[in-house]
There are 2 protein chains.
Amino acid sequence: MLLSKSCVYGLRAALYLASKEKEEFTPIKPMSERLEISFHFLTKILQQLTANGLLESFKGPNGGVRLAKSPDKLALIDVVLAIDGPKLLTECALGLPGCGLKNPCPLHDKWAITRDSIRDMLANTTLTDLVEKGKKENLRLTEDGDFEQLLRD
Amino acid sequence: MLLSKSCVYGLRAALYLASKEKEEFTPIKPMSERLEISFHFLTKILQQLTANGLLESFKGPNGGVRLAKSPDKLALIDVVLAIDGPKLLTECALGLPGCGLKNPCPLHDKWAITRDSIRDMLANTTLTDLVEKGKKENLRLTEDGDFEQLLRD
DNA sequence: CTATTTTAAGATAAAAGACTCTTTAATTAA
DNA sequence: TTAATTAAAGAGTCTTTTATCTTAAAATAG
């Protein structure tokens with residue numbers, strides 16, 4: 001799998017937050033229900049995003065999380081780096097430690113090109129991009145949901 | 001990780017076999033030592049490649065495995081499909097089941113393009129390509145080895 | 001035929017990833 | 001100040017992947 005499951009959940013959660021026009025704090029409990037992710041598991045993932053400055057959290061009644069920046073300033077790569085770290089963009093395709101320009105494996109050059117295209121795609125796609133597309137075409141962020149029901153109160 | 005560890009080992013093993021000019025059967029035991037992969041683990045991986053028609057095996061004294069085709073007819077994608085299956089080329093980046101043209105996720109279109117570039121790279125790179133590059137530049141297939149010592153008797 | 005060398009298969013163990021549950025700490029509404 | 005609500009942290013479980021160990025079956029050299 002390209003992205004870890006935690007990372008995928010983080011992406012879905014970020015898109016969910018980005019899709020809310022209001023800038024209130026969103027409580028995790030209902031969020032986990034809408035996204036069909038275990039509350040405690042989602043909580044940990046969101047904590048990582050908060051620790052990395054992508055989200056802001058607020059404790060107490062009416063607390064929750066919200067995006068720390070405008071969603072058009074947040075790219076998918078930000079979420080991926082916060083949760084999976086840089087290994088997708090740095091690791092050798094043949095799993096050799098220290099593979100790089102200095103001590104490459106036979107596949108290094110070709111993989112570096114492919115890897116860059118992955119990085120560019122993730123870096124050039126913002127949360128806003130996907131939310132707009134999702135709303136316009138009423139796509140889904142869960143197995144059987146769609147944007148409309150996702151945003152319904 | 002893009003490829004499973006089994007798949008990476010399978011690729012290294014395929015490259016090792018492709019780098020031998022002789023078309024004899026190569027016993028797995030010394031091969032596992034050269035590639036620094038557990039003998040039994042490598043055996044299972046090679047069995048998958050044999051079952052998928054990429055390798056031929058031969059039992060008994062002077063037995064072992066060899067490529068079933070010319071290495072310039074074997075692309076990396078063949079090994080990847082044999083071991084990891086097609087999921088890298090079919091799975092949704094957001095992990096949603098059944099994601100495709102009919103019922104896409106918001107990221108589907110962009111991911112499909114990126115995924116194609118991965119597939120093309122793997123499909124357009126043959127074992128011969130990498131072996132020639134590895135021999136010419138004396139690169140490595142193991143953590144600290146290089147092609148010269150890999151092929152030494 | 002016999003001994004040896006190998007592939008092959010199955011059971012088992014260790015490690016990593018995914019997920020859950022429990023407890024603690026912080027914050028605020030009332 | 002108290003009760004309610006939340007984030008946060010930690011321990012522990014389940015599942016998958018990775019890796020090992022044991023045994024069986026096949027094939028051939030001699």
Side-chain angles (χ1 to χ4, degrees), chain A residues 1-13 17 24-33 35-68 80 82-85 87-88 91 94-95 142-143, chain B residues 1-13 17 24-68 80 82-85 87-88 91 94-95 97:
Chain A
M1 206 183 314
L2 187 80
L3 307 175
S4 74
K5 225 154 180 195
S6 293
C7 187
V8 165
Y9 290 162
L11 284 171
R12 290 191 208 163
L17 291 173
E24 306 171 319
F25 288 98
T26 301
I28 299 180
K29 193 63 189 279
M31 189 171 163
S32 70
E33 288 163 359
L35 293 173
E36 295 169 7
I37 304 171
S38 143
F39 167 72
H40 290 99
F41 194 34
L42 179 59
T43 294
K44 301 214 165 176
I45 295 165
L46 296 178
Q47 282 173 18
Q48 291 186 69
L49 295 180
T50 303
N52 281 275
L54 277 74
L55 302 183
E56 291 172 350
S57 68
F58 191 75
K59 296 175 181 176
N62 303 320
V65 294
R66 70 178 178 197
L67 296 179
V80 172
I83 296 180
D84 279 348
K87 64 177 195 292
L88 174 65
E91 255 185 357
L94 292 181
T142 64
E143 177 160 0
Chain B
M1 203 185 314
L2 189 80
L3 306 174
S4 73
K5 225 158 179 193
S6 294
C7 187
V8 165
Y9 290 162
L11 284 170
R12 290 193 209 162
L17 291 173
E24 305 171 320
F25 287 97
T26 301
I28 298 179
K29 192 64 188 280
M31 188 171 165
S32 71
E33 287 162 1
R34 281 294 163 92
L35 293 174
E36 296 168 7
I37 303 171
S38 143
F39 167 72
H40 290 98
F41 195 35
L42 180 59
T43 294
K44 301 215 164 177
I45 294 166
L46 296 178
Q47 281 171 20
Q48 290 185 69
L49 294 180
T50 303
N52 281 274
L54 276 76
L55 302 183
E56 291 171 350
S57 68
F58 191 76
K59 295 174 184 176
N62 303 320
V65 295
R66 71 179 177 195
L67 296 179
V80 172
I83 296 180
D84 278 348
K87 66 178 193 292
L88 173 67
E91 255 185 359
L94 292 182

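Every chain is numbered from 1, with letters handed out A, B, ... down the list of sequences. Treat the numbers as computed from the prediction; the structure is a model and nothing was measured.
- In this structure, A:Ile45 places its CD1 atom 15 Å from C1' of D:dA7, rounding to the nearest Å.
- Qualifying side-chain hydrogen bond (donor to acceptor under 3.5 Å, both in side chains) partners for B:Ser6, counting only residues two or more places apart in sequence or in other chains: none.
- Remark: P of C:dA14 and CZ of B:Phe41 are 16 Å apart, rounded to the nearest angstrom.
- Side chain of A:Gln47, nearest nucleotide from D:dA7, C:dA18, D:dT20: D:dA7.
- Comparing A:Leu3 and B:Leu46 by the nucleotide of DNA chain C whose heavy atom lies nearest to each, the residue mapping closer to the 5' end is B:Leu46.
- What separates NZ of B:Lys29 from P of C:dA8 is a distance of 17 Å, to the nearest Å.
- Across the protein-nucleic acid pair, A:Asp84 atom CG and C:dA16 atom C1' stand 14 Å apart, rounded to whole Å.
- Residues B:Arg66 and B:Glu24 share a closest heavy-atom pair of CB-O, 3.7 Å.
- Taking side-chain N and O atoms only, A:Ser38 has no distance below 4.0 Å to OP1 or OP2 of C:dC19.
- Closest approach of A:Ala13 and A:Leu46 over heavy atoms only: CB-CD2, 3.9 Å.
- Between the P atom of D:dA4 and the CD1 atom of A:Ile28 lies a distance of 21 Å, rounded to the nearest Å.
- Here D:dA8 is the nucleotide among D:dA29, D:dA8, D:dT18 with the atom lying nearest to any side-chain atom of A:Thr43.
- A heavy-atom distance below 4.5 Å is not found between the side chains of A:Leu94 and B:Leu3.
- Going from atom NZ of A:Lys87 over to atom P of C:dA16 covers 13 Å, rounded to whole Å.
- DNA chain D lies under 4.0 Å from at least one heavy atom of each of the following residues of residues 48-59 of chain A: A:Ser57, A:Phe58, A:Lys59.
- With C:dT20, D:dA19, D:dT20 as the choices, the nucleotide that has an atom nearest any side-chain atom of B:Lys5 turns out to be D:dA19.
- Of all non-hydrogen atoms in B:Ser38 and B:Ser32, the two that sit nearest each other are C-CB, 4.4 Å.
- For the pair A:Leu2 CG and C:dG17 P, the computed distance is 15 Å after rounding to whole Å.
- The two residues B:Asn62 and B:Phe25 have their closest heavy-atom pair at O-CB, 4.0 Å.
- Counting only distance, with no hydrogens or angles, the side chain of B:Asp84 and the backbone of B:Val80 share no donor-acceptor pair below 3.5 Å.
- Between the NE2 atom of A:His40 and the P atom of D:dA8 there is a distance of 13 Å, given to the nearest Å.
- Residue-level contact check: B:Lys44 touches the bases, meaning some heavy atom is under 4.0 Å from a base atom.
- The side chain of A:Tyr9 approaches C:dC19 more closely than any other nucleotide in the set C:dC19, D:dA29, C:dT7.
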